[in-house]
Amino acid sequence: MNDRSLRKKDKILRRYEYKEIYSKGKKISVEGLFIVYIFKRDNGPPRMGITVTKKIGGAVVRNRIKRIFREVFRLNKGSIIEGIDIVIIARKGLEKVGYMAIEESFLKALEKERLC
RNA sequence: GGAGUAGAUUAGGUAAUCGCUCCUUGAUAAGAUCGAGGGGAGGAAAGUCCGGACUCCACAGAGCAGGGUGCUCCGUAACACGGAGUGUUCCGGCCUGACUAUGGUACGGAAUAAGGAAAGUGCCACAGAAAAUACACAGUCCUGACUUUUACUAAGUCGGGAUAACGGUGAAAAGGCGAGGUAAGAGCUCACCAGUCCUGCUGGUGACAGCAGGAGCUAGGUAAACCCCACCCGGAGCAAGACCAAAUAGGAAGGCGUUUGAGGGCUGCUCGUCCGAUGCCUUCGGGUUAGGUCGCUUGAUCCUGAUAGCAAUAUCAGGACCAGAUGAAUGACUACCAUUCUAUCGGGCGUGAGCCCUUUAGAAGACAGAAUCCGGCUUAUUAUCUGUUCCGGUG
RNA sequence: GUCCCCAUCGUCUAGCCUGGUCCAGGACACUGCCCUUUCACGGCGGCAGCGGGGGUUCGAAUCCCCCUGGGGACG
């Protein structure tokens, strides 16, 4: 329960995995800031992937968004139920929002879906 | 104090908690986890504008086409880059001059894609008589015929001839000024000045500069228009390329060919050369469109010192090892300190604009993220310092 | 990451190569008037643009350079 690491097995790495989640997962829009895809696998730990396109900003902005989401997922993944894949797609305007606001929105969305 | 310009340095630090990636090493149930130690973004990593290294195509060849560069010398692996100079243009200062203008300048600064326009072709709108063979027109001058007045002469009309001083428009008008000369004029001739070309001498490696003599009297601009000249360039790019594993298919039709040569060698064409045989090409159908390892970081590398050189840079000596990720790591948060700015309490210095120390509060901390690696250029951007030019203030 | 291409009224485009006659032409859209009982169609008119900066040139939408913003290809 104290596991707060974030390794490769906790991340979605392959393009075909992303494609599967896009086509079969549930799509939720969160406050106009980002989109969450949720897909129930059979077993295993919860995993996450993040997509930030070049339309959002430069490499610095995109790296910062991905780091914030990784941090949020890392600190909260102990309370998320098993076998869940989450993919987040950032939308324009997210680069202006801070860490606290993103964490709050993310947890609210998960609670609404009763995933934690 | 402000603005411009040139250059140098810098790109906040420390600690605590949680976390990521790579390397070394230890343990175990041996490629998975845990422990220990160490490394982990930039001056532009960016734009991808040039130049290389490296890899493959053939051992990288020739010609044409195409592309690029364009003052000189040096530097360099190379460059369109850098350094030192030359010329031209502009600005300022100074001199000439009655201010302006003009001209000069051994001074200071800035810009400079700066070969050729007396090889050729094209273009030069509008305006203007004319935009490049000064053809024509207007004007001026000489002259023939006719008309009017008629003593000469003057005026007008129609012709012939001469001319480029005169036409004030334009971005640009065919050397300038004076004298002679002439019917009127003209570099037609002459003196001076400016400019062009040729020859010689001197200085310099050279661009070029200076001096002397001569020629012709004059040559518009545009080559970031075509072009000519000189020099350079083979093509693709680490998604290059090599290996491993897995999966599917070993299909049908047509064509060409086996030493007399199909086809291929990754921008075009030709030549030459090489490879080349149940092989190659085209179409249709089917399958894969999920990988892994190497390349992958020790290099035109960085730091210090010496020597050569005005400098860019080079050589030598000693030392150092400094990211290798791949849905892509170097982060999150807290505290303190330091920096800058604004306001403010108090004190000191100075004639003064102001400066220095200090208390408290608030704000700011930019541009931006390696993806094969280097050398440049360009663009974005924080803070400080120094040199220099101009403007302003105080004394 | 590497290599390419494009940018003109609100939209689609012509002009660019070969600079001037272009204060940039056309179509659709918008808008005013006429026509019609009214709408549509038609006729006449109006509005509105060379992505930004610098250079070459007497003169730049056009030629050259640098930025900005879009788009594409490659295992």
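Below, chains carry the letters A, B, ... as their sequence lines are ordered, and counting in each starts from 1. Heavy atoms only: backbone and side chains are in, while hydrogens, waters and symmetry mates are out. None of the values given here were measured: they were computed from a predicted structure.
- Of all nucleotides present, only rU315(B) satisfies the Watson-Crick or G-U wobble test against rA306(B), with each distance under 3.5 Å.
- Under the 4.5 Å side-chain criterion, counting only non-hydrogen atoms from C-beta, Val72(A) is not in contact with Leu75(A).
- On the C1' atoms, rU150(B) is 47 Å away from rA173(B), given to the nearest whole Å.
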Protein and nucleotides 328-333 of chain B: nitrogen or oxygen contacts under 3.5 angstrom:
{"residue": "rU330(B)", "atom": "OP2", "partner": "Arg67(A)", "partner atom": "NE", "Å": "3.0"}
{"residue": "rU330(B)", "atom": "OP2", "partner": "Arg67(A)", "partner atom": "NH2", "Å": "3.1"}
{"residue": "rA332(B)", "atom": "OP1", "partner": "Arg64(A)", "partner atom": "NH1", "Å": "2.9"}

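- For the P atom pair drawn from rU260(B) and rU273(B), the interatomic distance equals 15 Å after rounding to whole Å.
- Separating the P atom of rC28(C) from that of rG43(C) is a span of 9 Å, rounded to the nearest Å.
- Arg62(A) places a side-chain N or O within donor-acceptor distance of the main-chain N or O of Gly57(A), the cut-off being under 3.5 Å.
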Collect all protein-nucleotide pairs involving nucleotides 66-69 of chain C in which both atoms are nitrogen or oxygen and the distance is under 3.5 Å.
none

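- Within the shown strands, rG4(B) is the pairing partner of rU388(B) under the Watson-Crick or G-U definition, both distances less than 3.5 Å.
- Comparing the C1' positions of rA209(B) and rU86(B) gives a spacing of 9 Å, expressed to the nearest Å.
- Taking a pair to require two hydrogen-bonding distances under 3.5 Å in either a Watson-Crick or a G-U wobble arrangement, rG20(C) pairs with rC58(C).
- Remark: rA30(B) base-pairs with no nucleotide in the shown strands. Criterion, Watson-Crick or G-U wobble with two distances under 3.5 Å.
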Side chain to side chain contact (heavy atoms under 4.5 Å, CB included) assessment of Met48(A) paired with Asp10(A):
CA-CA 7 Å; Met48(A) 184 181 74; Asp10(A) 303 314; over 6 Å; no
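- Distance noted for atom P between rU218(B) and rA174(B): 14 Å (whole Å).
- With both ends at atom C1', the span from rA62(B) to rG71(C) equals 42 Å, rounded to whole Å.
- The ring pair (Phe, Tyr, Trp, His ring centres under 6.0 Å) contacts involving residues 73-94 of chain A comprise nothing, where partners must be two or more places apart or lie in separate chains.
- Distance, Asp10(A) CG to rU33(B) P: 10 Å, rounded to whole Å.
- Shown here are the salt bridge (charged side-chain N to carboxylate O under 4.0 Å, His left out) partners of Lys27(A), two or more places apart in sequence or in another chain: there are none.
- With sequence neighbours left out, the ring-ring contact (aromatic ring centres under 6.0 Å, His included) criterion links Tyr37(A) to Tyr22(A).
- Rounded to whole Å, the C1' atom of rA224(B) lies 13 Å from the corresponding atom of rG70(B).
- In this structure, CD1 in Ile35(A) is found 11.0 Å from CD1 in Ile28(A), a value given to the nearest 0.5 Å.
- Pairing for rG286(B) is absent, with no Watson-Crick or G-U wobble pair whose two atom distances lie under 3.5 Å.
- With rounding to whole Å, Phe73(A) atom CZ is found 14 Å from rG327(B) atom C1'.
- Shown here, rU140(B) forms a base pair with rA162(B); the pair counts as Watson-Crick or G-U wobble because both key distances fall under 3.5 Å.
- To the nearest whole angstrom, the two P atoms, one in rG26(C) and one in rG15(C), are 15 Å apart.
- Listed by first and then second residue, the ring pair (Phe, Tyr, Trp, His ring centres under 6.0 Å) pairs involving residues 78-109 of chain A amount to none (not counting sequence neighbours).
- As rounded to whole Å, 15 Å separates atom P of rA290(B) from atom CD1 of Ile21(A).
- In this structure, Ile12(A) and Tyr18(A) have side chains that are in contact, with non-hydrogen atoms separated by less than 4.5 Å.
- Counting heavy atoms from C-beta outward, Val36(A) and Val87(A) have side chains that stay 4.5 Å or more apart.
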